[in-house]
Participant: 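Take a look at this one; I'll ask things after.
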Amino acid sequence: MPHAAPSPEDLAHWLARTALGDRAAFERLYEATCSRLFAVVLRIQRDRGLAEELLQEVYVTVWHSAGGFDAARSQPLTWLTAIARNRAIDSLRRAAVRPPSPAEELDADALPDDRPGPAELLQRALDRRLLGLCLEQLAPPQRQSIALAFYDGLSHAEIALHLREPLGTVKAWLRRSLQALRSCLDGGA
Amino acid sequence: MDLRRPDRLEALAAEYVAGTLRGGARRRFEALRRQMPEIDAAVRRWEQRLLPLAEAVPPEEPPLRVWRGIERRLWPAAAPAAPASRWLRAWQAAAGVLGVAVLALAVLLVQAPAPPVIVVLQGTGAAADFSGGFVAGIGGDGRSLVARPLQPVAMPTDRVLELWAVPPEGSGPPRSLGLLRADGPTVLSRDRLPATLLQGGAAALAVSVEPPGGSPTGTPTGPVVYAGALRL
C-alpha cells in the first residue's frame, strides 16, 4: 500500500461520508490513514498486540464521531492523529511510571530496535519550515524533553529519569518550551 | 484545576496535547473540555501547532487482522452491505415503521386530509456550541415544511445551518432542503421538497453546519448538529 500523503480534501470528504454511515468511504479513510496512525500509536504503546487493539478502538471511535469533525476548524489528519495519540496516552495510565530505560539508551538514541529515536524524529521535524525554526530556538535539553514527551509518550517523571534531571526542572523546561514554541509559531517568526 | 486564568488554561492545553498531562488530571481536563468551548478551542490551537511533529514518524502498515477486528466490532453480523452508525440504526428503525405506517395510511385514509407530521431534531452532541433543538412541521401532503429552533442558536458569522432529508439506508445520498434561520422560523419553498418526502423518501431530517451559501459539495461538510427521525 503506498504511503503518499492523502489529500486533506479527500480525507475530509471520506469523513463526511463516514458520518452518514458510508462504509466504503470509511474503508478508504482507513486505507489512507491506518499506517500513519498505527505508527503514532506504536511509538507510544510499544506492545504490538496492545497497539493493534488500540488502533481498532481508534477507528471505532472515528466511525462513531465522524459527525463531529468540522472541516472549517481542523485538518482531517490532525483530527485523526489527536484521537490516536489520546487513545495511546490513555493506555499508559495503568503503569504510572514505566521502568527506566537501560542506561545505554541515554545517549545517541540507541533503542533496542532499529526504529529512529525521538531525537532523530525531531531532527526530521526540524527540517520542516516554521515548526522546525521554532524548535531550533529551544535549548537542547528542552528540545529533548519535548521529543521524549511527544514521540514516546513519556510522563514528566519518566523524562526526569531518562535525562537524570530533577522532576521540577523537567516540568519547568517543558512549560517554558511550550510557551516559547507558542509565541514563536503564533508570531510567525 | 483553575481554568479561569487564561495562562493556566493555555499551559494545561499545551501539556494535554504534548502528552504530559496524565491520569486524573487528564481525565478532568477532558471532562471540562466537553463543557467549555474555550478549552476546546485552546486544545485545537495546540493540536495545529504540535501535531505536525507526528508526520516525522515513518508510517507502519498494520496487519490485516486490525481491519477485520474493526469490522467485527462495528458490524458483528458481518453483513457486508449494511452501514449502521447509531443514527442510521435509529433511522432504519424509523424507516421500517414508516413503511408500515404509509401502507396503513394508504388503506385507511383514502380521502381524509393527512395531518401534519412533526419532527423533533435534537442536538447530536457533535459540536459543543449547539444546544436546544429544532421542531419541523411537514404539511400532511408533504409539500410544505416549517422549521424553527426551540431557542435561538448563536451562530458564528461565517457559518450557516443547512437542513437535509436523509433517505432510508441504501436509497441514495442525503438531499439538501435548504438553509435554516438560526433565530426564527424558516418556511421552505414547495419546490425544494422532494415529492416523496412523506412516502418513504426520507427516514430522518438532519441539520449540519456549513460555510455561507451552504455545503459546496452536495453532502454535509460540517458537523451534523441536530437530527431527528421521521415518525408518522
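What you see is a predicted model, and the numbers here were worked out from it, not measured in a lab. Every chain is numbered from 1 and lettered A, B, ... according to where its sequence line falls, protein lines coming before strand lines. We use all heavy atoms of the structure for the numbers below, so side chains are in, but hydrogens, waters and symmetry mates are not.
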Participant: Centroid separation under 6.0 Å, is that true for the rings of B/Trp67 and A/Tyr30?
Facilitator: yes
Participant: Which atoms of B/Val17 come close to chain A, meaning under 4.5 Å heavy atom to heavy atom: side chain ones, backbone ones, both, or neither?
Facilitator: backbone
Participant: Between A/Thr18 and A/Trp63, do the side chains contain a donor N or O and an acceptor N or O under 3.5 Å apart?
Facilitator: no
Participant: Between B/Pro174, B/Ala11, B/Pro63, which has the largest tally of heavy atom pairs under 4.5 Å with chain A?
Facilitator: B/Pro63
Participant: Under the salt bridge (charged side-chain N to carboxylate O under 4.0 Å, His left out) test, which residues partner B/Arg68, sequence neighbours left out?
Facilitator: B/Glu71
Participant: Using heavy-atom distances under 4.5 Å, tell me whether B/Glu210 contacts chain A through its side chain, its backbone, both, or neither.
Facilitator: neither
Participant: Determine all donor-acceptor pairs shorter than 3.5 Å in which one atom belongs to a side chain in residues 72-81 of chain A; sequence neighbours excluded.
Facilitator:
residue	atom	partner	partner atom	Å
A/Arg73	NH2	B/Asp40	OD2	3.2
A/Ser74	OG	B/Arg44	NH1	2.7
A/Thr81	OG1	A/Leu77	O	2.6

Participant: Taking NZ, NE, NH1 and NH2 as the nitrogens, is one of them in A/Asp90 or B/Arg26 under 4.0 Å from a carboxylate oxygen of the other?
Facilitator: yes
Participant: Measure distances from A/Arg182 to the heavy atoms of chain B and classify the residue's part below 4.5 Å as side chain, backbone, both or neither.
Facilitator: both
Participant: Does a side-chain heavy-atom distance below 4.5 Å link A/Glu57 with B/Arg73?
Facilitator: yes
Participant: Would you tell me whether B/Ser208 and B/Tyr226 have side-chain atoms, one donor and one acceptor, within less than 3.5 Å of each other?
Facilitator: no
Participant: Can you check whether A/Glu165's main-chain N or O pairs, donor with acceptor, with A/Thr169's side chain at less than 3.5 Å?
Facilitator: no
Participant: Go through A/Gly68, A/Ala12, A/Ala147 and name the one with the most non-hydrogen pairs under 4.5 angstrom from chain B.
Facilitator: A/Gly68
Participant: Could you have a look at A/Val58, A/Val41, A/Leu181, A/Asn86 and say which one has the most heavy-atom pairs with chain B under 4.5 angstrom?
Facilitator: A/Asn86
Participant: Taking heavy atoms only and a threshold strictly under 4.5 Å, list by residue number the residues of residues 214-223 of chain B that touch chain A; give 'none' if the list is empty.
Facilitator: B/Thr219, B/Pro220, B/Thr221, B/Gly222, B/Pro223
Participant: Select one option (side chain, backbone, both, neither) describing which atoms of B/Arg159 are under 4.5 Å from chain A's heavy atoms.
Facilitator: side chain
Participant: Let me know if A/Leu42 has heavy atoms under 4.5 Å from chain B in its side chain, its backbone, both or neither.
Facilitator: side chain
Participant: Can you run down the ring-ring contact (aromatic ring centres under 6.0 Å, His included) pairs that involve residues 30-51 of chain B, sequence neighbours left out, and say none if there aren't any?
Facilitator: none
Participant: Please determine, among A/Arg85, A/Arg175, A/His13, the option with the most heavy-atom pairs under 4.5 Å with chain B.
Facilitator: A/Arg85
Participant: Are the side chain of A/Arg164 and the backbone of A/Leu161 linked by a donor-acceptor contact shorter than 3.5 Å?
Facilitator: no
